[in-house]
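When a residue number appears, it is its place in the shown sequence, counting from 1. Computed over heavy atoms, backbone and side chain alike; hydrogens, waters and symmetry mates excluded. Computed from a predicted structure; not experimentally measured.
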Amino acid sequence: MGTQKSNEQGNGTGRRALLGAAVLGAGGAVLGLPGTAGAAGRGSGQGGGIRSLPVPAVIGHRGASGHRPEHTLGSYQLALDMGADIVEAGDLVPTRDGHLVCRHEPEIGGTTDVAGHPEFAGRRTTKVLDGVPTTGWFTEDFTLAELKTLRATERIPANRPHNTLYDGRWEIPTFEEVLRWQDEQTRRRGKQVWIYPELKHPTYFRALGLPTEERLAKLLRRYGKDRKNSPVIVQSFEPTSIRRMRELVGNPLAVLLGGAGSRPWDFVATGDPRTTADLITPEGLKEIASYAQGIGPTLDLIIPRDAAGRLTAPTTLVRDAHRAGLILHPYTLRNENPFLPAEFREGADADAYGDAFGAFRAYFATGIDGIFTDHPDTGVLAREDLVNG
């Protein structure tokens with residue numbers, strides 16, 4: 001983290017960074033839950049790099065996507081304004097001419113106004129994406145110039161009708177634009193801004209002749225952000241992609257983990273029989289720690305839910321990962337009822353907020369090092385509650 005201080009740092013975000021170690025120190029002593037003792041002392045701000053981040057860190061999932069259409073500069077900007085420590089900017093997919101752009105998936109029918117562009121009607125097609133037939137429009141079939149004629153729209157309007165107000169306001173950003181935005185925001189705010197890009201479907205794109213790891217590494221090197229202490233954490237659901245990035249750059253790296261019974265697509269493609277359940281054993285975590293600094297498990301791997309959708313007892317994953325030397329940044333906590341554990345839902349409206357603060361408390365109590373959330377404003381307040389006891 002940068003050493004320059006600003007009024008903003010003195011009035012909340014910076015203070016929380018300095019209190020990072022105290023959060024888990026107090027939480028572990030009071031709660032005695034798995035993982036808390038192993039995580040104590042993290043986030044002290046010493047030495048720079050990933051270990052200097054606040055604990056628990058609040059990560060703006062695709063920006064502040066609970067308030068703005070995801071993966072837009074407007075969403076990223078708002079996440080910082082709300083106090084996010086890291087912004088997931090963005091999910092990286094390539095264009096036909098090789099540029100990396102920020103979209104949740106290569107299929108853009110659900111996140112842009114492409115369907116309203118008659119000149120692109122003939123590009124609607126069906127492809128098999130990681131074994132799943134998917135119909136729509138795909139970034140790899142467009143040049144960057146063509147994509148720049150489109151505008152972003154809300155991905156889940158049934159849950160976020162208020163976000164549709166902003167449909168059409170922002171274009172699709174390139175990752176190079178994000179890197180320049182990161183530098184600009186760092187200068188303006190007087191403190192280092194962190195980002196957390198994800199390589200999406202790298203095996204799929206490599207088979208198309210559009211490998212994304214090399215493109216990402218080239219950009220990171222061009223902007224001087226390819227080092228151990230660089231404020232860019234690279235993540236992917238494909239462990240072999242993260243292994244490839246380890247050979248290309250020095251950045252902190254994280255392996256994303258789906259449900260226990262799922263298999264990373266690169267494992268499926270190469271015949272590796274292991275599942276996520278194998279990767280989260282002590283042996284599997286030790287292997288991940290040989291090439292990555294962190295994991296991003298689904299929240300259900302931290303605290304499973306029962307058949308009614310209620311939280312059960314925490315697993316030992318936090319403790320086991322910390323023993324392997326790994327940081328945990330699980331995903332994704334959202335305020336709306338359908339996404340919350342059943343005991344924190346309030347009412348039946350799909351777009352109404354439940355008791356998100358209660359959910360944050362439950363997950364923070366396990367000793368996680370941070371959390372992805374669509375609502376970083378709620379996450380920051382929940383962390384303040386934890387810090388203040």
Side-chain angles (χ1 to χ4, degrees), residues 12 23 27 31 33 56-72 74-79 81-85 87-88 104-105 109-111 152-169 258-260 296-315 329-366 368 370-389:
V23 172
L31 297 167
L33 291 171
V58 175
I59 305 161
H61 185 237
R62 307 172 198 164
S65 55
H67 304 279
R68 299 289 188 272
E70 65 190 29
H71 286 315
T72 60
S75 183
Y76 300 158
Q77 183 78 29
L78 186 58
D81 292 343
M82 288 179 164
D85 306 299
V87 180
E88 189 190 33
H104 172 48
E105 291 287 341
T111 60
T153 59
E154 172 54 39
R155 184 176 62 88
I156 47 174
N159 304 112
R160 293 170 181 167
H162 50 281
N163 278 8
T164 63
L165 172 66
Y166 306 102
D167 285 355
R169 180 168 289 269
T298 176
L299 287 168
D300 289 347
L301 292 177
I302 304 294
I303 311 179
R305 302 189 195 190
D306 63 19
R310 300 176 64 87
L311 295 181
T312 61
T315 68
H329 290 156
Y331 66 92
T332 305
L333 205 152
R334 300 175 169 97
N335 287 5
E336 294 96 352
N337 277 317
F339 307 112
L340 290 169
E343 64 265 44
F344 299 114
R345 298 171 194 163
E346 297 180 349
D349 289 346
D351 62 338
Y353 286 3
D355 179 16
F357 288 112
F360 272 106
R361 282 195 299 271
Y363 291 114
F364 282 163
T366 65
I368 56 177
I371 193 166
F372 284 82
T373 176
D374 290 6
H375 300 85
D377 51 338
T378 308
V380 167
L381 288 173
R383 181 175 60 191
E384 285 184 349
D385 292 344
L386 181 63
V387 170
N388 294 328

Do you know which two heavy atoms are closest between Asp85 and Pro56, and how far apart they sit?
OD2-O, 4.4 Å
Working to the nearest 0.5 Å, report the span between CG of Leu333 and CZ of Phe344.
9.0 Å
For residues 335-344, the salt bridge (charged side-chain N to carboxylate O under 4.0 Å, His left out) pairs (sequence neighbours left out) are Arg160-Glu336
Residues that Thr153 engages under side chain to side chain donor-acceptor pair (under 3.5 Å), provided they are two or more places apart:
none
Could you tell me which residues satisfy side chain to side chain contact (heavy atoms under 4.5 Å, CB included) with Arg169, sequence neighbours excluded, listed by chain and number?
Tyr166
Which pairs count as salt bridge (charged side-chain N to carboxylate O under 4.0 Å, His left out) when at least one residue sits in residues 301-312, sequence neighbours excluded?
Asp300-Arg305
Would you find a donor on one side and an acceptor on the other, under 3.5 Å apart, between the side chain of His162 and the backbone of Gly66?
yes
Contacts of His71 that satisfy side chain to side chain donor-acceptor pair (under 3.5 Å) - sequence neighbours left out:
Tyr76, Asp91
If you look at every heavy atom in Ala84 and Pro376, which pair is closest and at what distance?
CB-CB, 4.0 Å
Taking Ser75 for its side chain and Thr72 for its backbone only, find out whether a donor-acceptor pair lies under 3.5 Å.
no
Is there side-chain contact between Arg383 and Val58, with heavy atoms separated by less than 4.5 Å?
yes
Only pairs at least two apart or in different chains count here, so list each salt bridge (charged side-chain N to carboxylate O under 4.0 Å, His left out) that has a residue in residues 344-357.
none
Given Arg62, Arg68, His67, the one that forms side chain to side chain contact (heavy atoms under 4.5 Å, CB included) with Ser65:
Arg62
